[in-house]
Amino acid sequence: MGTPLIPSLFTITVNLAALTPTAAGFAELTLFVDEAAGNALGGVRYLTYTTLTAAQASQASGEISAAVLAQVAVAFDKDLPRPVTSVRVCRVDTGGGETYAAAYALYLAANPGNVWGICMDSRNAAVQAALAAAIVTEDKHVLFIQSAQADIITTGAPATFVADTRTVGIFHDTATAYADMGMLANRASFDPDVTSVGWNCALEGVAAYATDLTTAQVDFGLGNYWNIIGDLGTSTAFLTKGVALTSRGVHEALTRDWMKVRTEERMATLVQTLSARGQKILVNDTGLQQVAATVNEVFAMAEAAQHLAPTATSNAYTVSPQSVSAADVTAARLRVNAVGILGGNATSFTFVFDLTQT
């Protein structure tokens with residue numbers, strides 16, 4: 001047979017490229033709950049439920065209260081247009097002096113992963129406002145809160161809350177209606193990579209108001225940028241618009257966060273891939289075009305999903321690589337600017353019909 005030389009002459013190593021990071025999702029919800037109200041969670045910081053059956057078993061074993069189970073059940077309502085990925089319940093040790101804001105900080109330190117929307121069991125305005133302030137400071141998540149404060153529908157917006165796109169308020173006169181969870185679960189269940197969903201919708205699993213609102217009360221609530229539900233078609237809990245406390249649509253807040261996350265992910269992939277090959281992203285026009293192509297990919301995806309939309313006179317977006325300057329070379333920096341037109345969500349319709357006999 002002879003003596004084979006090839007194995008001794010050649011050593012061949014094949015390196016695999018780094019795996020593409022898993023894309024962050026937006027359909028995993030978090031619910032902060034008071035441990036003192038019967039939510040010890042078996043001693044762990046949080047429990048994640050991917051089905052209602054799992055949450056029911058957890059309640060049966062004494063890990064969560066019946067009230068929290070009811071709130072989780074709204075997120076898994078069988079009539080939702082799409083199922084949410086999961087609901088993560090996070091305990092707040094109020095008996096030990098822990099605040100919801102402090103529990104949120106610990107939660108972040110534990111790297112919660114693919115979470116965007118957050119709810120809470122408390123209906124206390126001061127407690128809600130404190131968590132809202134912490135979330136605004138962190139600049140990653142959006143808090144959905146429910147309140148029955150009379151000011152919402154009778155006078156100016158409650159002074160307790162600071163107007164910000166990271167706080168979404170919904171009025172309901174029944175504390176256990178869980179319209180906040182109903183709103184978040186209904187809309188966050190849609191994949192923002194595929195569609196920028198409108199936030200006016202029927203809240204499945206949420207009861208109508210115990211006392212109907214007058215037109216004046218509805219106008220006050222909407223004027224204060226709180227979300228109001230009402231009758232539309234077959235629904236008795238239809239969400240009118242879907243706005244944050246600044247009047248901006250929630251879909252705009254989601255677009256902002258989605259675009260930031262997707263750009264970071266794609267840039268991480270670009271840097272990681274080139275690094276594995278022993279290549280640089282050069283601080284010149286070649287590197288600039290590589291980075292601009294990555295940004296363009298995100299913006300094109302945004303237009304396809306209707307996060308961005310063209311007008312009669314403008315394209316949906318423009319990506320503008322900035323010429324490499326001497327300062328850029330010194331700073332080892334590449335700059336890309338982009339402008340996009342947010343895709344609006346129609347919530348008001350006007351018709352004029354002129355009828356004649358001839």
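Atom set for the values below is all heavy atoms of this structure, side chains included, hydrogens, waters and symmetry mates excluded. Computed from a predicted model, the values in this text were never measured in an experiment.
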Stepwise, does the side chain to side chain donor-acceptor pair (under 3.5 Å) test hold for Ser58 with Tyr49? CA-CA 9 Å; Ser58 186; Tyr49 306 115; 2.6 Å; yes
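- Proximity of the aromatic rings of Trp226 and Phe144 is defined here by a centroid distance below 6.0 angstrom, and this criterion is not met.
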Starting from the C-alpha separation in whole Å, work towards a yes-or-no answer on side chain to side chain donor-acceptor pair (under 3.5 Å) for Tyr100 and Asn124. CA-CA 11 Å; Tyr100 280 71; Asn124 180 285; over 6 Å; no
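- For the pair Ala338 and Val295, the tightest heavy-atom approach, listed with the atom from each and the gap, is CB-CG1, 4.4 Å.
- Legend: salt bridge (charged side-chain N to carboxylate O under 4.0 Å, His left out) pairs involving residues 225-234, not counting sequence neighbours: none detected.
- Put simply, the side chain of Leu274 does not reach to within 4.5 Å of the side chain of Lys280, judged on heavy atoms.
- For the side chain to side chain donor-acceptor pair (under 3.5 Å) condition, the pairs that include at least one residue of residues 164-189, sequence neighbours left out, are Arg123-Asp180, Asp139-Arg166, Thr165-Arg256, Arg166-Asp257.
- Looking only at side-chain heavy atoms (C-beta outward), Leu29 and Ile118 stay at 4.5 Å or farther from each other.
- In the hydrophobic clustering of ILVMFWY residues, with side-chain heavy atoms under 4.5 Å counting as a link, Val89 and Val44 come out together.
- With sequence neighbours excluded, the residues forming a side-chain hydrogen bond (donor to acceptor under 3.5 Å, both in side chains) with Asn39 are Ser65, listed by chain and number.
- The closest side-chain heavy-atom distance from Phe190 to Pro81 is below 4.5 Å.
- Distance check, rounded to the nearest 0.5 Å: NZ of Lys140 to CH2 of Trp116 gives 15.5 Å.
- Sequence neighbours left out, the pairs with a member in residues 337-358 that pass side chain to side chain donor-acceptor pair (under 3.5 Å) are Asn200-Asn345.
- For the pair Trp258/Met301, a side-chain contact is recorded, criterion being any heavy-atom separation below 4.5 Å from C-beta on.
- A pairwise comparison of heavy atoms in Cys119 and Leu184 identifies SG-CD2, 3.9 Å as the closest pair.
- Residues Val127 and Leu31 fall within the same hydrophobic cluster, defined by Ile, Leu, Val, Met, Phe, Trp and Tyr side chains chained together at heavy-atom separations under 4.5 Å.
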What pairs of donor and acceptor atoms, side-chain ones from residues 304-314 against any protein atom, are under 3.5 angstrom apart with sequence neighbours left out?
from   : atom 1 : to     : atom 2 : distance (Å)
His307 : ND1    : Thr255 : OG1    : 2.7
His307 : NE2    : Pro192 : O      : 2.7
Thr311 : OG1    : Thr313 : N      : 3.3
Thr311 : OG1    : Ser314 : N      : 3.0

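- With rounding to the nearest 0.5 angstrom, the CD1 atom of Ile135 is 10.0 Å from the OG1 atom of Thr137.
- Distance CG/Asp191 to OG/Ser196: 11.5 Å, rounded to 0.5 Å.
- For Asn315, there are no side chain to side chain contact (heavy atoms under 4.5 Å, CB included) partners at least two apart in sequence or on another chain.
- A donor-acceptor contact shorter than 3.5 Å is absent between the side chain of Gln56 and the backbone of Ala73.
- Side-chain contact between Phe299 and Arg262 is absent, with no heavy atoms from C-beta onward closer than 4.5 Å.
- For the salt bridge (charged side-chain N to carboxylate O under 4.0 Å, His left out) condition, the pairs that include at least one residue of residues 87-105, sequence neighbours left out, are Glu28-Arg88, Glu35-Arg91, Arg45-Glu98.
- Put simply, the side chain of Val33 does not reach to within 4.5 Å of the side chain of Val92, judged on heavy atoms.
- Leu342 and Val197 fall within a single hydrophobic cluster, where Ile, Leu, Val, Met, Phe, Trp and Tyr are joined by side-chain heavy atoms under 4.5 Å apart, directly or via other members.
- In this structure, Val250 and Ala244 approach most closely via the heavy-atom pair CG2-N, 4.0 Å.
- Of all the heavy atoms in Ile64 and Ala55, the pair that sits closest is CD1-O, 3.7 Å.
- A distance-only check finds a donor-acceptor pair linking the side chain of Thr263 to the backbone of Met259 [under 3.5 Å].
- Transitive grouping of hydrophobic side chains (ILVMFWY, heavy atoms separated by less than 4.5 Å) brings Val283 and Val271 into a common cluster.
- Aromatic pair Phe32/Tyr107: centroids less than 6.0 angstrom apart.
- In this structure the side chain of Thr51 never reaches within 4.5 angstrom of the side chain of Phe76, judged on heavy atoms.
- In this structure, the side chain of Asn224 engages the main chain of Thr155 through a donor-acceptor pair within 3.5 Å.
- Counting heavy atoms from C-beta on, the side chains of Phe238 and Leu203 never come closer than 4.5 Å.
- Across all their heavy atoms, Cys90 and Thr30 have their closest contact at CB-CG2, 4.5 Å.
- With sequence neighbours left out, Asn227 forms a side chain to side chain contact (heavy atoms under 4.5 Å, CB included) with Val168, Ile170, Met183, Leu239, Val243.
- Annotation: side chain to side chain donor-acceptor pair (under 3.5 Å) contacts involving residues 288-299, sequence neighbours excluded, comprise Arg266-Glu297.
- For the residue pair Thr236 and Ala208, the shortest heavy atom distance occurs at O-CB, 3.5 Å.
- Between the side chain of Tyr209 and the backbone N or O of Phe171 there is at least one donor-acceptor pair closer than 3.5 Å.
- Ile152 and Phe220 end up in different hydrophobic clusters when Ile, Leu, Val, Met, Phe, Trp and Tyr side chains are linked at under 4.5 Å.
- The closest donor-acceptor contact from the side chain of Arg335 to the backbone of Ser323 lies under 3.5 Å.
- Legend: residues meeting side chain to side chain contact (heavy atoms under 4.5 Å, CB included) with Val218, ordered by chain and number and at least two apart, are Leu213, Leu222, Ile228.
- Each salt bridge (charged side-chain N to carboxylate O under 4.0 Å, His left out) pair with one or both residues in residues 55-71, not counting sequence neighbours, would appear here, but there are none.
- Side-chain atoms of Thr330 come within 3.5 Å of backbone atoms of Ala326 as a donor-acceptor pair (strictly under, hydrogens ignored).
- In terms of the side chain to side chain contact (heavy atoms under 4.5 Å, CB included) criterion, residue partners of Thr214 (sequence neighbours excluded) are, by chain and number, Ala216, Gln217.
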